[in-house]
Amino acid sequence: MSANPVRMHAITQVQSYTPPPFSFDPGEEPGEVFGENVFSLSVMQKRLPKSVYKSVLSTIEKSTPLDPAVADAVASAMKDWALEKGATHYAHVFYPLTGLTAEKHDSFLDPVGDGTALASFSGKTLVQGEPDASSFPNGGLRNTFEARGYTGWDVMSPAYVLENPNGNTLCIPTVFISMTGEALDHKTPVLRSQQAMSVHAKRVLALFGHSDPDNVVAYCGPEQEYFLVDSHFFNARPDLLNAGRTLFGAKPPKGQEFDDHYFGAIPERVLGFMMDTERELFKLGIPAKTRHNEVAPGQFEVAPMFERANEASDHQQLLMTTFKSVAQRHGMECLFHEKPFDGVNGSGKHVNFSVGNSDLGSLLVPGDTPHDNAQFLVFCAAVIRAVDLYGGLLRVSVASASNDHRLGANEAPPAIISIFLGEQLADVFDQIAKGGATGSKEKGTLTIGVDTIPVLSKDPGDRNRTSPFAFTGNRFEFRAPGSNQTVAAPMVVLNTIMAEALDYCATTLEAAVAEGTDFDSAVQSLLTTIVADHGKVIFNGNGYSDEWPVEAEQRGLKNLRTTVDALPELISPEAVELFGKYSVFNEREMHSRFEIGCEQYVNSIQVEANTTGEMAQTMVLPAAIRYQTELAQNVAALKAAGVEADLSALNEISAPIADLKAGLAKLTEVCSAEPEEDLLEHARYMRDEVLPVMAAIRAAADTLENMVADDLWSLPTYQEMLYIL
Ligand code: ADP
Ligand code: MG
């Protein structure tokens, strides 16, 4: 145990921790509170006149515009419901490009002129808001003189009441746009891209004989990894406070080498936290489903059930805020950083993705008949085309300074975007490439299909954890997103590239049918063309191997190692054309996102560099020098006593102290240089000039941590942060 007073205090506090009172009401059934605070479809059905309810439903399912009279009726019912739930305020909640959630609260009360006030909330207030939002990142989209931003209700994402000890708030999920209608947020492009994808998916469905299908949506089921650290340790680490990750810390004697944490028994304190978070999520209608320990000590995972992409993104943001606040209630901090501890497994957010609707289910599920399977294979082939043509966009959708520490680090997929299909599907596409599939490998035998399309088994088969984009039986799992990121960005890219691919499929098939080609043969030849053109993106091998980057390069797949390499993808001519064609982003919006990406990269490394400098200077160096002085005094005392002095310890510690000082001098130098004017160049400078100096400082400090007397070391160690909960 530590003898340093700071750490000692923290450890004593952790050991005397008492959990907060149990939040469940006595006699409460599990799941009883589900959706309690949500203005859901069922609440609407009960509280709205039938015609109003039908109209809202049709806006949700068929994208018909919302009638203002309907908005008034909904607003009035929503207000009454929220007041009954103890809400005093309402807020338009939006998702600016900071990646966080923003909300502007207004009181329901309006003065009526006679000195009293009445609760009021009109359809207009529900549907549109006007926050002064001049300090959100906009990447040049808005001048300060037109600082206004507008929020608009996303009818498809339900309103909810957020509880707070000081009064509840009715929250309305909204888009956030500029005066010119340009997107300043993450939600707007999700909705636009969803619409584009739906149009072309429906064309494909029509070809397969579905008349007037409901909108096709993207489903998203995000698996969220996170770390829990006791607050006392967290607060004693300026790096965790400022940067969300440790910038120093020698490896603990026991790491994750035993793999003994994965799916292990969940500690009691953590289980209490999980039950509390789940209850809070349930109230908000967030279907948290699975929970377990993850690979690293102190690491856990939660996975809610999949939902429509826009709702899933909102819920995902709400989940992260809920986790953070409930963790604090339990005396812990929840870390969503992609790599909070060097040398320890990082945290991702696997995005499970499929397309479908409530009527037809997932369109990425093999069907019961050869006809269904033809449709399934077309949707799969569309994914193959999309990912091959626009892998760079998928890569940039998950690019951030923090995710750079994780991707390609032998624990997360590499930065090369490829698809894993599994044995059965890979075999089918192999046969298709050779001119037409006639059977599928089912339990080793080949079943010949009735038509030319094979019967497929629904068993998802094997798993490949090293692939960034893996087919898992009824969906694809995009494993590159980072734990801290919004799932909106990858969903926008997935929707848009699927829109393009489905457009291509529909156009090709429609033309063939118009020329009188038999439909089955048209499908067959479409599949063959797609596999021939885009099969190179399929890779079923080990993505962590050293051979893969070499092979990927031969195949012509991009390997965009860092954020700086990936960001230009956003403004490539192909990307600008794609997003413009499907009305997801205009060129100005793409540029704004590129600029914000560069700025965020620069800012986060700048904060880390400042924190590194400060901690090295004021915490690490003083501890090392004190210890060096002690050693020197010891040598002097021994000499004075006439004993032969051993200088080795003194010499040994002097080398890393010199390295640390040199590193600090270098850091001051690189950080005080005039910044590059070009944003991308500035980002590159941070990557190539600043990060290596930080790494050198860390190496010296970590060496010192293993040398300096423990009572002089005030920073909680990896061992303490990871193992004491
Ligand atoms: P696994 O351990 O098999 O990866 P998990 O239960 O951890 O599975 O998480 C799987 C995630 O995938 C969940 O969020 C789940 O809701 C989601 N999911 C399941 N089916 C689909 C689907 N058709 N489309 C999108 N997401 C799905
Ligand atoms: Mg999974």
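Every heavy atom of this structure was used, including side-chain atoms; hydrogens, water molecules and symmetry mates were not. Counting starts at 1 for both ligands and their atoms, in listed order. Given the structure is predicted, the values throughout are model-derived calculations rather than measurements.
Ring planes of His405 and His337: tilted class, angle from 30 to 60°.
Taking all heavy atoms of Glu477, Glu307, Arg475 into account, the minimum distance to atom 21 (C) of ligand 1 is reached by Arg475. Here atom 25 (C) of ligand 1 lies nearest to Asn352 when heavy atoms of Asn352, Val365, Val355, Thr472 are compared.
Taking NZ from Lys324 and CD from Gln328, the interatomic distance works out to 7.5 Å, rounded to the nearest 0.5 Å.
Each of the atoms 16 (O) of ligand 1 lies under 4.0 Å from some heavy atom of Met305. The Gly221 neighbourhood of ligand 1 comprises atoms 14 (O), 26 (N), with distances under 4.0 Å to a heavy atom of that residue. Contact atoms of ligand 1 toward Glu223: 4 (O), 7 (O), 9 (O), 10 (C) (distance under 4.0 Å to a heavy atom of the residue). Every atom of ligand 1 with a heavy atom of Pro304 under 4.0 Å away is listed here by number and element: 13 (C), 14 (O), 16 (O). The distance from ligand 1 to the heavy atoms of Asn474 drops below 4.0 Å at these ligand atoms: 20 (N), 23 (N).
For Glu301, every heavy-atom contact with ligand 1 shorter than 4.0 Å involves the side chain, none the backbone.
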Task: Residues Phe478, Phe469; criterion ring-ring contact (aromatic ring centres under 6.0 Å, His included); working and verdict - done: CA-CA 5 Å; Phe478 185 30; Phe469 207 88; 5.6 Å; yes
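A salt bridge links Asp503 with Arg203: at least one charged nitrogen is closer than 4.0 Å to a carboxylate oxygen.
In terms of polar-atom proximity, defined here as any N/O pair under 3.5 Å, Phe306 does make such a contact with ligand 1. Taking only nitrogen or oxygen atoms, main chain and side chain alike, Tyr219 does not reach within less than 3.5 Å of ligand 1.
Here Thr466 pairs with Asn464 under the side chain to side chain donor-acceptor pair (under 3.5 Å) rule; sequence neighbours left out. With sequence neighbours excluded, the residues forming a side-chain contact (heavy atoms from CB on, under 4.5 Å) with Ala303 are Glu223, Thr290, Glu301, listed by chain and number.
In terms of heavy atoms, Trp548 sits closest to Gly543 at CD1-O, 3.7 Å.
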